[in-house]
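See structure below.
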2 protein chains.
Amino acid sequence: MTSREESAETLRRAGHRVTSAKLLVMEALRHAGDHLSATSVIDQVRRDAPHVSESTVYRTLGALRDSRLISETTFGHGEVAYEWLEERSHHHLVCSQCGAVDELSDEVVAGFAKQLSDAHGFNADLQHLAVPGICARCSRDSEAAGE
Amino acid sequence: MTSREESAETLRRAGHRVTSAKLLVMEALRHAGDHLSATSVIDQVRRDAPHVSESTVYRTLGALRDSRLISETTFGHGEVAYEWLEERSHHHLVCSQCGAVDELSDEVVAGFAKQLSDAHGFNADLQHLAVPGICARCSRDSEAAGE
DNA sequence: CCAGCAAATGCAACAACTTGCAAGAGCGAG
DNA sequence: CTCGCTCTTGCAAGTTGTTGCATTTGCTGG
Ligand SMILES: [Mn+2]
Ligand SMILES: [Mn+2]
Ligand SMILES: [Zn+2]
Ligand SMILES: [Zn+2]
């Protein structure tokens with residue numbers, strides 16, 4: 001089964017109609033295997049299909065996010081980032097000083113969610129968190145520089 | 001000391017010049033004692049000073065946020081929300097189903113930050129988190145309705 | 001009080017989304 | 001295969017937020 005056919009099947013299972021615009025958006029994200037801004041998804045899609053309108057891409061990204069096929073995340077700066085969601089869920093530590101974006105496994109975050117469930121009965125939905133702060137390297141550097 | 005004078009003093013301590021636009025923005029947020037959208041801050045400010053431009057308010061909100069005098073938060077839907085930061089830090093649990101916004105004390109969140117520090121040396125900066133999910137009431141309701 | 005510099009502001013253009021509406025296309029029933 | 005319902009799309013206009021630049025204004029030092 002080609003990637004395109006897989007995407008079509010995924011769309012059907014999620015209750016969407018299979019359209020070329022949606023397939024193109026999905027392929028762009030799956031192929032990139034990284035965080036992409038809406039604008040770069042638009043550019044990507046338009047290389048193959050120049051007629052697709054911006055609003056269709058924005059709407060498609062929203063729909064895929066609602067169906068939990070992709071994540072939508074606001075890192076500190078710049079545009080909102082979209083990413084194809086693989087099975088294993090992950091999160092990010094974003095350094096406000098040097099801009100580094102490190103990966104964070106789900107364990108600690110799942111622990112946090114469990115705390116919220118135990119303490120407040122709240123069923124947190126943390127699919128792809130971006131935690132802002134200062135990374136280990138930057139902390140070390142500023143300490144060395146006389147704090 | 002009036003609230004305005006306190007605000008002026010706070011501005012000076014944060015290294016800003018004391019201008020009427022900044023004071024008006026601060027007073028709007030302090031007086032509201034709640035989350036306000038940028039647009040409603042603009043409306044508020046313009047009731048007193050119609051000449052102040054939108055961009056000045058946006059820039060002021062950004063500056064106050066950088067100086068950690070106010071929080072800037074994206075709840076699931078709608079505009080970005082700004083809030084005057086009181087001493088005691090707090091967070092929110094936002095129900096994606098019924099829209100309820102509950103308060104969350106800093107304890108659980110501080111525990112999460114400590115985990116990140118211990119496990120990754122990352123110094124997380126979580127001033128005013130909005131955690132999305134399903135609230136206790138909605139979970140109970142959908143369970144009762146035959147899951 | 002005054003001069004001078006840097007910060008702050010207004011304005012207009014721009015960028016990043018969002019929405020209402022009419023036209024087009026996927027898909028299930030027959 | 002065709003019909004028709006409903007989901008999707010394109011387009012244009014509207015929001016929300018950002019930025020470059022010329023001008024104004026707060027503040028510091030004399
Ligand atoms: Mn990611
Ligand atoms: Mn709050
Ligand atoms: Zn760093
Ligand atoms: Zn709820």
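Throughout, protein chains are lettered first and strands after them, A, B, ... in sequence-line order, and every chain is numbered starting at 1.
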ask   = CG of Leu23(B) to CG of Asp48(B): how many Å apart, nearest 0.5 Å?
value = 11.5 Å
note = From the list Glu86(B), Glu83(B), Glu6(B), salt bridge (charged side-chain N to carboxylate O under 4.0 Å, His left out) partner of Arg30(B) resolves to Glu6(B)
message = Tell me whether Arg68(A) is salt-bridged to Asp125(A), with the criterion being a basic N under 4.0 Å from an acidic carboxylate O.
response = yes
task = Compute whether any side-chain donor of one residue and acceptor of the other, for Ser71(A) and Arg65(A), lie under 3.5 angstrom apart.
result = no
Whole-Å distance between [N] [atom2] and [X] [atom1]?
X	N	atom1	atom2	answer
Leu61(A)	dT8(D)	CG	P	14 Å
Arg46(A)	dG10(D)	CZ	P	9 Å
Glu79(B)	dT18(D)	CD	P	12 Å

query = Heavy atoms under 4.0 Å, any strand shown: does Ser55(A) hit a base, just sugar-phosphate, or nothing?
reply = base
inquiry  = Mind checking if Ala63(B) touches a base, just sugar-phosphate, or nothing, with heavy atoms under 4.0 Å?
reply    = nothing
ask   = Quick one: is dT18(C) close enough that its OP1 or OP2 comes under 4.0 Å of any side-chain N or O from Tyr58(A)?
value = no
inquiry  = Using OP1 and OP2 only, check whether a side-chain N or O of Thr56(B) sits under 4.0 Å from dT9(C).
reply    = no
Can you pull every protein N or O that's under 3.5 Å from an N or O on nucleotides 27-30 of chain C?
{"unit_1": "dC27(C)", "atom_1": "OP1", "unit_2": "Val18(A)", "atom_2": "N", "d": "3.1"}

key: Nearest-neighbour nucleotide for the Arg59(A) side chain, dC11(D), dT9(C), dT16(D) considered   = dC11(D)
ask   = Which nucleotide, dT18(D), dC17(C), dA8(C), lies nearest any side-chain atom of Lys22(B)?
value = dA8(C)
inquiry  = For Ala113(B), is there any backbone N or O sitting under 3.5 Å from a side-chain donor or acceptor partner on Ser117(B)?
reply    = no
Nearest heavy-atom neighbours spanning Glu79(A) and Ser37(A) = OE1-CB, 3.4 Å
